[in-house]
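All remarks here apply to the structure that follows.
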Amino acid sequence: MKFTALIERDLRLAYRRRGELATPVIFFVIVTALFPLALNPDPALLRTLAPGVIWVAALLAVLIGQDSLFKTDYEDGSLELMLLSPITLEWIVLLRVFTHWLVTGLPLVILSLLIALLLDYPMQAVGALILSLFLGTPILSFLGAVGASLTVGLRRGVMLLPILVLPLTVPVLIFGAAAAGRAAVGDPVAAPLYFLGAMLMLAITLAPFAIAAGLRISLES
Amino acid sequence: MDHEDQLSVDNLSIWRGERCLCRDLSFRVSSGEALQVQGHNGAGKTTLIRVLTGLGRADAGEVRWRGQTLRRCADEYRGSLAYLGHNNGVKLGLSPRENIAVASALLAVPITSNVDAVLEKVGLRTHADLPCGMLSMGQRRRTALARLLLANVRLWFLDEPLASLDVAGVTLLTGMLKTHLTGGGIVVFATHQTMDLAPCPVKTVMLETSA
Amino acid sequence: MFVWFHKLASPPFFYRFADKLAPWLGWMSLLVILAGLYGGLWLSPPDYQQGDGFRIIYVHVPSAWISMMAYMVMATAAAIGLIWRMKLAHAVSAAAAPLGASFTFLALVTGSLWGKPMWGTYWVWDARLTSELILLFLYLGYIALNHAFEDRRTGDRASAILAIVGAVNVPIIHFSVNWWNTLHQGPTVFFGPKAEMPPSMYIPLFIMMFGFMLFFAAFMLKRLQVEVLQRERNTAWVRDLVGQP
């Protein structure tokens, strides 16, 4: 029951600040729309680039969204209460990351359908694209949350977070884009999707400890 | 009440950056006692209180609760303290009632039907369902005060609790503190204003600004 | 033995210990590296395919090796610093990072110089070079975070978390990059398995690796001395040392 109250809190706050939450999603759409303008609107070219473009844009959008994960809670003192709660911080963090993904990551996954259309990504492969994003974006959320927990007390944190986290996201990008890319040409996609699934499990089990430790350190001085 | 309810601090030293905020500080606060942390602006009152809650890190020395070091009884300790810092910990997007529900969840106490009674007590009954962003600073502070009444915790840590409270608010808080102390609770607070807690015993600890 | 280790962890004792040891290691590394270079550049025969171009491995391979070892040192020390709250361990991490980053950079530069005669271009997205590039990014992130905090100790502890998360990730990154590389059929394998190398080629390589290790250790001690001095600048022994009241 206490956990549902915490999820409810985040969802309610998200609903009341929905304009702010839309930012990463809008960013995602605009960035993908820049590629045809910068390169060449030739459908054949766009089709080969689509998996990579969608994945890079999704990666950046998720990471940019993670900056806000702990920021307001840090500024208004709510984060201190979470750290002082008798509930294990790792659980609270897991819930927070999950609800945050629900309101920022999931819309992005759904919207990638539209982007797939714009970039002429083959429609019969769209299932694999969605699945790769569905498995991959939560991993990015967790990695971003690690960065957010370490930079929450810093004024320059916004710039620092991507520098810290982007190198760590390389495997997600490789497997995610590979799944989407192979699906587009009709190759089997099981291997990269399995890898994504395995990494998601690893992220769910290990990341909360790193995030909780990061928050404790960020608040200790 | 339980005679073991005691917060003891031994040889505590805290450094922040280049500055030593306190060196070899020792004191005890027992059930029914209040401790006032005194010092100039920037002397480290907030830091000391944060170290006592377990949020901050000390460079030497130990804080013990019921005779056990904080590292050993961290979970139990967090279950027996309430903290009111500079920032209220109140979400402006939520109403006082919703904020209290969240606070109850974080304190791991059931959201009981006494939410209305608590709201009444802190004088927010009529504003219970407005978003806190629309309330005044004093009313937000009162929402934070409501947290202290939710759970029956022994230790209250209050950092500048009187900030932005009006006269009625000060009376309310003083009353709350006295009730808590006579009930066997412990209060550790820092304030620049005068706060009359008589007849409850108030100890003081002074933080000197040293080079 | 344990008592000695305990003593070593005390900053003033360590400082004097490092002061004595570092020059020895430094001169030894110079001798060993000179010996390795002589073996590598004069004694070993040219490669039957790559001619004399292959000789850059005598710098490239040891640098790449040290770059990974330094990350291990950094992450292990970070974990020790977090778990046992040892100040010196954090200093080790902070000292290892810039050194590791430099060796990573050296490995990248020598790798791309080697690539020019082999592939006709300075940069190829080969699996090893790509992994090395990501390692450089990891180092840069660590260094940036380490210096981002006003309180040095918070910076140490925060970047320690990042180092540990990075260390968990490094094998995954390495694996994913290899997988990606085979998927895209990029240029493969720098040089054949070691068994194909004659002893006159690989013995200098081992000597060079040993020399680089000594060099790393010597510079590590020197950097550590600086880190220790900075961290302890308010203590009596440092004031005595620099002759300040």
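So that the names make sense, note that chain A is the first sequence line, chain B the second, and so on, each numbered from 1. Since the structure is predicted, the reported quantities are computational estimates derived from the model, not experimental observations.
Most heavy-atom pairs under 4.5 Å with chain A: of the set L107(B), V90(B), T53(B), L106(B), this distinction falls to L106(B). The candidate from L79(A), D76(A), I92(A), L13(A) with the greatest count of non-hydrogen atom pairs under 4.5 Å with chain B is D76(A).
Within 6.0 Å of CE on M123(A) lie more than 12 heavy atoms contributed by other residues, nucleotides or ligands. More than 12 heavy atoms of other residues, nucleotides or ligands lie within 6.0 Å of CE in M206(B), so this atom counts as buried by the packing criterion. Few gaps surround CZ on F27(B); more than 12 heavy atoms of other groups in view lie less than 6.0 Å from it. Enclosure of atom CZ in F98(A) is not indicated, since only 12 or fewer non-hydrogen atoms of other residues, nucleotides or ligands lie within 6.0 angstrom. Atom CZ of R72(B) is surrounded by 12 or fewer heavy atoms from other residues, nucleotides or ligands within 6.0 Å.
Rounded to the nearest 0.5 Å, atoms OG (S78(A)) and CG (L92(B)) are 8.5 Å apart. Rounding to the nearest 0.5 angstrom, the gap separating the NZ atom in K91(B) from the CG atom in D10(A) is 8.5 Å. Between atom CG of residue N87(B) and atom CG of residue D73(A) there is a gap of 11.5 Å, rounded to the nearest 0.5 Å. Going from atom CG of L55(B) over to atom CG of L215(A) covers 11.5 Å, rounded to the nearest 0.5 Å.
Considering all non-hydrogen atoms of both residues, L81(A) and Y83(B) come closest at CD2-O, 3.9 Å. Contact record, P86(A) with D75(B): CB-O, 4.5 Å, taken as the closest heavy-atom pair.
Only the side chain of R50(B) comes within contact range of chain A, with at least one heavy atom under 4.5 Å from a heavy atom of that chain. The contact between L81(B) and chain A is made entirely by side chain atoms (from C-beta outward), counting heavy-atom distances below 4.5 Å.
For the pair E8(A)/E98(B), no side-chain contact is recorded, criterion being any heavy-atom separation below 4.5 Å from C-beta on.
Of the possible polar contacts, one joining the R16(A) side chain to the G93(B) backbone as a donor-acceptor pair under 3.5 Å is found.
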